[in-house]
K.L.:
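Attaching a single structure in structure tokens format; questions to follow.
Computed from a predicted model, the values in this text were never measured in an experiment. Numbering of ligands and ligand atoms starts at 1, following listing order.
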Amino acid sequence: MSKTPIIIDCDPGHDDAIAILMAAASDKLDIKGITIVGGNQTLEKCLNNTLKFLSHLDLHIPVAAGAEGPLLRGLTVAPYAHGDSGMDGPQLPPATQKPVEMNAVQLMEKIVRESEQKVTLCPMGPLTNIAIFLRANPDLIEKIDKISLMGGTTLIGNRTPTSEFNIWEDPEAADIVFRSGIPLFMQGLDVTYQAGVNDDEIAQIRAIGNKYSTFVADLLDFFSKYHRNLGRMYTPLHDPCAVAYVIDPDMFTTEDHYVEIDMDGELTLGTTVTHNFGRCTHAPNCTVSLGIDREKFVKLLFDSLEILGRGGRYA
Ligand code: RIB
Ligand code: CA
């Protein structure tokens with residue numbers, strides 16, 4: 001069975017890093033490139049975090065830096081969740097790997113243009129790079145198989161009462177992506193808050209006892225502090241849902257809806273307005289994940305770390 005070529009666009013970010021490891025372990029996926037966008041922290045910090053953990057874990061995947069911030073707005077980072085470095089917790093040696101000598105959009109264009117198969121995009125930060133890529137390369141849209149993104153919510157937000165951070169950060173970019181006509185699979189907060197791990201499971205991850213599991217346990221020890229302080233006993237693995245959907249969509253329950261982006265609301269900016277009521281006159285543009293088999297998802301994470309520990313991937 002041929003592997004699915006994917007590009008991961010991200011803002012590492014604790015959950016971004018875990019998503020990358022889940023993808024790297026999968027024999028169904030071929031990570032052609034990792035592109036970085038400002039979001040959880042500045043572009044420089046997210047890029048440095050990525051190069052440091054890929055170097056530490058000896059994973060060799062092309063990495064390119066993209067947009068420093070949103071298309072039209074200033075960047076708002078999230079130190080409250082990810083710390084001042086954007087990946088507080090793990091103590092890693094300096095990066096030995098360097099980014100490729102092109103920017104994120106150029107790397108995306110190169111990968112898609114050269115690919116014999118259609119490429120899947122897995123964005124898990126603000127959608128700025130994706131929007132620029134689509135606008136700059138309209139001829140390549142037909143070579144994008146689908147977009148499985150972490151972002152949005154049909155109900156409760158996490159950056160505002162109604163909006164999720166990635167979409168809220170760059171709503172104009174999200175609007176471009178949601179209007180692109182590319183098959184869109186939204187892993188929003190509706191499902192990602194169901195895809196969490198508790199303290200016992202984090203201890204089980206650490207007990208796997210290889211450098212990948214130790215890194216993930218260190219990430220989760222820090223990332224969990226923010227969520228425990230909010231009274232959550234499960235630490236949501238937002239971004240790995242975007243990858244897990246590509247690996248095993250049957251793990252998810254979904255509905256097709258028309259989703260549009262609020263770019264003007266004073267109180268509702270960045271809301272993924274989901275027409276999930278009976279009278280919508282628009283055809284659906286998005287498959288929205290609303291549920292997940294959590295046990296299956298957690299097993300995928302554990303198995304991924306075991307597989308990486310046996311080596312050989314992206315060496
Ligand atoms: O709202 C969750 C999203 O915001 C995740 O992608 C997390 O990494 C942050 O970027
Ligand atoms: Ca992210």
Side-chain angles (χ1 to χ4, degrees), residues 7-23 34-43 45-50 53 63 65-70 75-90 104 121-130 147-171 173-174 177 185-197 216 219-220 222-227 230 232 234-245 261 269-272 288-289 292:
I7 296 170
I8 296 176
D9 186 72
C10 52
D11 57 339
H14 294 70
D15 52 332
D16 304 73
I18 298 170
I20 289 168
L21 296 190
M22 183 180 278
I34 297 173
T35 51
I36 309 300
V37 62
N40 283 324
Q41 261 298 350
T42 63
L43 174 68
K45 289 182 178 179
C46 293
L47 176 64
N48 187 41
N49 291 335
T50 306
F53 84 79
V63 176
E68 291 191 344
L75 177 67
T76 302
V77 295
Y80 50 84
H82 298 275
D84 286 339
S85 73
M87 194 179 278
D88 282 18
L121 304 181
C122 280
M124 45 191 77
L127 291 167
T128 318
N129 289 339
I130 306 297
I147 297 176
S148 176
L149 69 90
M150 192 282 138
T153 178
T154 70
L155 290 171
I156 308 296
N158 66 350
R159 185 61 187 78
T160 73
T162 64
S163 64
E164 178 277 327
F165 176 82
N166 289 338
I167 306 298
W168 174 89
E169 182 84 77
D170 196 343
V177 174
F185 299 84
M186 183 175 110
Q187 318 311 327
L189 298 178
D190 311 85
V191 71
T192 67
Y193 276 128
Q194 297 178 53
V197 287
V216 167
L219 286 171
L220 290 172
F222 179 86
F223 196 42
S224 296
K225 288 175 188 167
Y226 169 66
H227 292 285
L230 291 173
R232 292 192 194 107
Y234 285 81
T235 304
L237 298 184
H238 302 292
D239 293 338
C241 287
V243 168
Y245 188 87
I261 310 300
L269 176 69
T271 299
T272 41
V288 179
S289 290
I292 190 169

K.L.:
Need the ligand 1 atom indices (1-based, order shown) with element for anything under 4.0 Å from a heavy-atom of Asp15.
P.N.:
5 (C), 6 (O), 7 (C), 8 (O)
K.L.:
Among side-chain atoms of Thr35 and Asn129, is any donor-acceptor pair under 3.5 angstrom?
P.N.:
no
K.L.:
Could you tell me, atom by atom, which parts of ligand 1 come under 4.0 Å of a heavy atom of Asp16?
P.N.:
8 (O)
K.L.:
Do me a favour and list the nearest non-hydrogen protein atom to atom 9 (C) of ligand 1 with residue, atom name and distance?
P.N.:
Asn40 OD1, 3.1 Å
K.L.:
Can you tell me how far the CE atom of Met150 sits from the CG atom of Leu189, to the nearest 0.5 Å?
P.N.:
4.5 Å
K.L.:
Any N/O/S atom of Met124 sitting less than 3.0 Å from the Ca ion (ligand 2), backbone or side chain?
P.N.:
yes
K.L.:
Report, in ascending order of atom number, the atoms of ligand 1 lying under 4.0 Å from any heavy atom of His238.
P.N.:
2 (C)
K.L.:
I'd like to check which ligand 1 atoms, numbered from 1 as shown, lie under 4.0 Å from a non-hydrogen atom of Asn158.
P.N.:
1 (O), 2 (C)
K.L.:
Donor-acceptor pair, Asp11 side chain versus Asn40 backbone, under 3.5 Å?
P.N.:
yes
K.L.:
Provide the atom name of the closest N, O or S atom of Asp239 relative to the Ca ion (ligand 2).
P.N.:
OD2
K.L.:
Looking at the rings of Tyr234 and His227, which for Trp means the six-membered one, are their centres under 6.0 Å apart?
P.N.:
no
K.L.:
Enter the distance from Leu127:CG to Asp9:CG here, rounded to the nearest 0.5 Å.
P.N.:
7.5 Å
K.L.:
Show, in sequence, the C-alpha distance, side-chain angles and deciding distance for His238 and Tyr193, and conclude whether the ring-ring contact (aromatic ring centres under 6.0 Å, His included) test is met.
P.N.:
CA-CA 7 Å; His238 302 292; Tyr193 276 128; 5.3 Å; yes
K.L.:
Any donor-acceptor pair under 3.5 Å linking the side chain of Gln41 with the backbone of Asp84?
P.N.:
yes
K.L.:
Which atom, among the N/O/S set of Asp11, is closest to the Ca ion (ligand 2)?
P.N.:
OD1
K.L.:
Go through ligand 1 atom by atom and flag the ones less than 4.0 Å from a non-hydrogen atom of Asp11.
P.N.:
10 (O)
K.L.:
Can you tell me if Thr153 and Glu164 form a side-chain donor-acceptor pair at under 3.5 Å?
P.N.:
no
K.L.:
Would you tell me which option among Ile167, Leu189, Asp239 has the nearest heavy-atom contact to atom 6 (O) of ligand 1?
P.N.:
Asp239
K.L.:
Out of all atoms in ligand 1, which are within 4.0 Å of some heavy atom of Met150? Include the element for each.
P.N.:
2 (C), 3 (C), 5 (C), 6 (O)
K.L.:
Is a side-chain N or O of Asn49 found less than 3.5 angstrom from the main chain of Pro12, in a donor-acceptor match?
P.N.:
yes
K.L.:
Any atoms of ligand 1 less than 4.0 Å from a non-hydrogen atom of Glu164? List them with their elements.
P.N.:
1 (O), 2 (C), 3 (C), 4 (O)
K.L.:
For ligand 1, which atoms, with element, lie under 4.0 Å from some heavy atom of Met124?
P.N.:
6 (O)
